[in-house]
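Here the structure comes first, spelled out in structure tokens, and everything after it is commentary.
Every value quoted in this text rests on a predicted model; they were computed, and no experiment measured them.
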Amino acid sequence: MCQLWELDVELMESLRFGPLPDRPDLDVAVALTRLLHEDFVARGTRHDERMNDEEVVLAVKAHRAVLERLGLEPPQLPFRHHSGFYDYWRKNDMSGGGGWQARRECIEELLGPTRQALEDLQEAEYEWRFKNGPRGTFKNLIFAAIGPKPQIVLRDAVSNEVEIVRNAENCLVYRDPLPLQGLTWRQMVTWWQAHHMPDSEEREAADALYRRLYRSLDSLPEQTVLRTYCARYAEPDGFDLPALIPQVYLHYDPYTRKSGGHSGALHRERMDFLLLAPDRSRIVIEVDGAHHYGIKNPTGADGRTTYAASPRLYSEMVAEDRRLRLAGYEIYRFGGWELTRPDSPQLISDFFTELLTRHKKPTP
């Protein structure tokens, strides 16, 4: 058989003396376990193994060293290489026409526990990466309001159940269970089909949902953000990207804001955009027009509208950012002006490319 690859002998030798600088031992142990399992199974069933005896010995030694660094017990193989495996199965009644299944089961019995232990470690690391995620449990999303904003009450304080008592018809409410790996566009479209277009095809429903979300935006910079991001849904596997959810109500605070300088007032009722990412991050994207940090001046004689910088508004904005960050949210801001430039779609696209790369689901 023509060998299409060769074992990196120098790499195997280095693994015996310490971890690689650019790959964690856990990833290496998983790869070596898979390599040994596949090669021994190939030897026992098809006689087309990729490694020779000397290379198997090196791989087994590297495998043992990496597992020991991870605190795991290396598998106790009763043979050192392919020739030894051949002798072993002949001595243990695994020859003959049907012996390939016995040989496969033999390798699974020897290496299966190691694979399972590594999977358990991966899952523990996966959960550890989420330990600094947002506090609290996802309950519902109230978003994409059109027209008068919804008025919300706490219907059941014990169960934390909210109810929209006025203008509910103007907004969308997502109450389906949130998967651990965030909320994808496909899941949003499935929800939309179930509640609004039960007889539609997926693509038809997706188009209608996009148009409904777009209608909730009356700012050109915000529309540019949504339009640029949602173009990704048309790419291969685009429906499995995190959904970009516009105009998400974060809280409803009609009392303290009206009480005049109340220290507990919550100043940001609504987030411009929210992404619930595969790594369980909750990502807030804000598009700041002049009204976010300035007070509108009287209209000039030329009809132009100008704003005066307001330290109070700026302080309220950054204080709310701090509160959200401490609650586990990640916040990114765009200035409205930068999103009116001719190159703004490319700027937005580059931002989301890096953001999505950073917030991929950790390897399970």
Side-chain angles (χ1 to χ4, degrees), residues 1-95 99-131 278-279 354 356-364:
M1 177 179 176
C2 179
Q3 189 171 357
L4 300 179
W5 71 284
E6 61 181 58
L7 188 72
D8 190 331
V9 173
E10 186 176 337
L11 180 66
M12 293 298 107
E13 290 286 5
S14 69
L15 285 170
R16 296 174 59 192
F17 300 102
L20 301 177
D22 57 345
R23 293 299 296 270
D25 271 340
L26 182 54
D27 290 355
V28 174
V30 171
L32 285 174
T33 303
R34 184 182 301 116
L35 172 66
L36 290 171
H37 187 282
E38 291 177 353
D39 230 52
F40 278 122
V41 168
R43 176 70 177 95
T45 59
R46 301 188 303 274
H47 303 285
D48 61 353
E49 68 278 357
R50 293 170 293 183
M51 294 186 289
N52 59 37
D53 279 357
E54 184 178 341
E55 290 171 336
V56 173
V57 171
L58 287 174
V60 168
K61 289 180 178 179
H63 187 236
R64 182 184 300 118
V66 175
L67 290 175
E68 288 175 346
R69 286 199 294 271
L70 291 170
L72 299 178
E73 182 72 24
Q76 301 302 311
L77 300 177
F79 40 81
R80 298 178 63 246
H81 41 54
H82 288 147
S83 298
F85 181 34
Y86 175 73
D87 294 336
Y88 180 80
W89 86 56
R90 291 184 65 192
K91 293 177 181 177
N92 288 273
D93 300 323
M94 289 184 279
S95 298
W100 65 268
Q101 182 62 33
R103 298 191 287 271
R104 181 188 293 273
E105 291 173 356
C106 171
I107 296 303
E108 177 61 27
E109 184 177 336
L110 291 169
L111 291 175
T114 298
R115 185 179 60 244
Q116 183 60 54
L118 290 170
E119 288 176 358
D120 291 343
L121 267 185
Q122 283 184 311
E123 186 62 28
E125 180 176 307
Y126 182 55
E127 292 299 325
W128 178 83
R129 294 188 192 188
F130 291 148
K131 69 178 183 179
D279 65 352
E354 185 170 350
L356 294 175
T357 299
R358 178 175 298 185
H359 288 283
K360 288 181 178 179
K361 176 184 175 183
T363 303

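Put simply, CG on Leu72 and CG on Asp120 are 9.5 Å apart, with the number rounded to the nearest 0.5 Å. Going from atom CG of Asn52 over to atom CG of Asp39 covers 9.5 Å, rounded to the nearest 0.5 Å. How far CZ of Arg69 is from CG of Asp25: 4.0 Å, rounded to the nearest 0.5 Å. Rounding to the nearest 0.5 Å gives a distance of 10.0 Å between CG of Leu26 and CG of Leu67. Separation of atoms CD (Glu105) and CD (Gln101) is listed at 4.5 Å; rounding is to 0.5 Å. Put simply, OH on Tyr88 and CG on Leu77 are 10.0 Å apart, with the number rounded to the nearest 0.5 Å.
Side-chain contact, Glu55 with His81: no donor N or O sits under 3.5 Å from an acceptor N or O.
Applying the salt bridge (charged side-chain N to carboxylate O under 4.0 Å, His left out) test to pairs two or more places apart or on separate chains, none has a residue in residues 80-93. Pairs of residues two or more places apart, or lying in two chains, never qualify as ring-ring contact (aromatic ring centres under 6.0 Å, His included) while including a residue from residues 53-78.
Side chains of Leu35 and Met51 form a contact here, defined as non-hydrogen atoms less than 4.5 Å apart.
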For residues 12-19, run the donor-acceptor check on the side chains, cut-off 3.5 Å, and write out each pair with its distance to 0.1 Å, sequence neighbours left out.
from  : atom 1 : to    : atom 2 : distance (Å)
Glu13 : OE1    : Arg16 : NH1    : 3.2
Ser14 : OG     : Leu11 : O      : 2.8

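Across all non-hydrogen atoms, the minimal contact from Gly44 to Trp89 is CA-CZ3, 3.8 Å. Taking every heavy atom of both residues into account, Leu110 and Pro78 meet most closely at CD1-CD, 3.8 Å.
Within 6.0 Å of the CD atom in Glu10, the count of heavy atoms belonging to other residues, nucleotides or ligands does not exceed 12. Other residues, nucleotides and ligands place no more than 12 heavy atoms under 6.0 Å from the CD atom of Glu54.
Here the side chain of Glu38 pairs no donor or acceptor atom with the backbone of Leu36 at under 3.5 angstrom.
Phe85 and Phe40 have perpendicular rings, their planes meeting at more than 60° on a 0 to 90° scale where under 30° would count as parallel.
Under 4.0 Å is where a charged nitrogen must lie from a carboxylate oxygen, and between Arg104 and Glu108 no such pair does.
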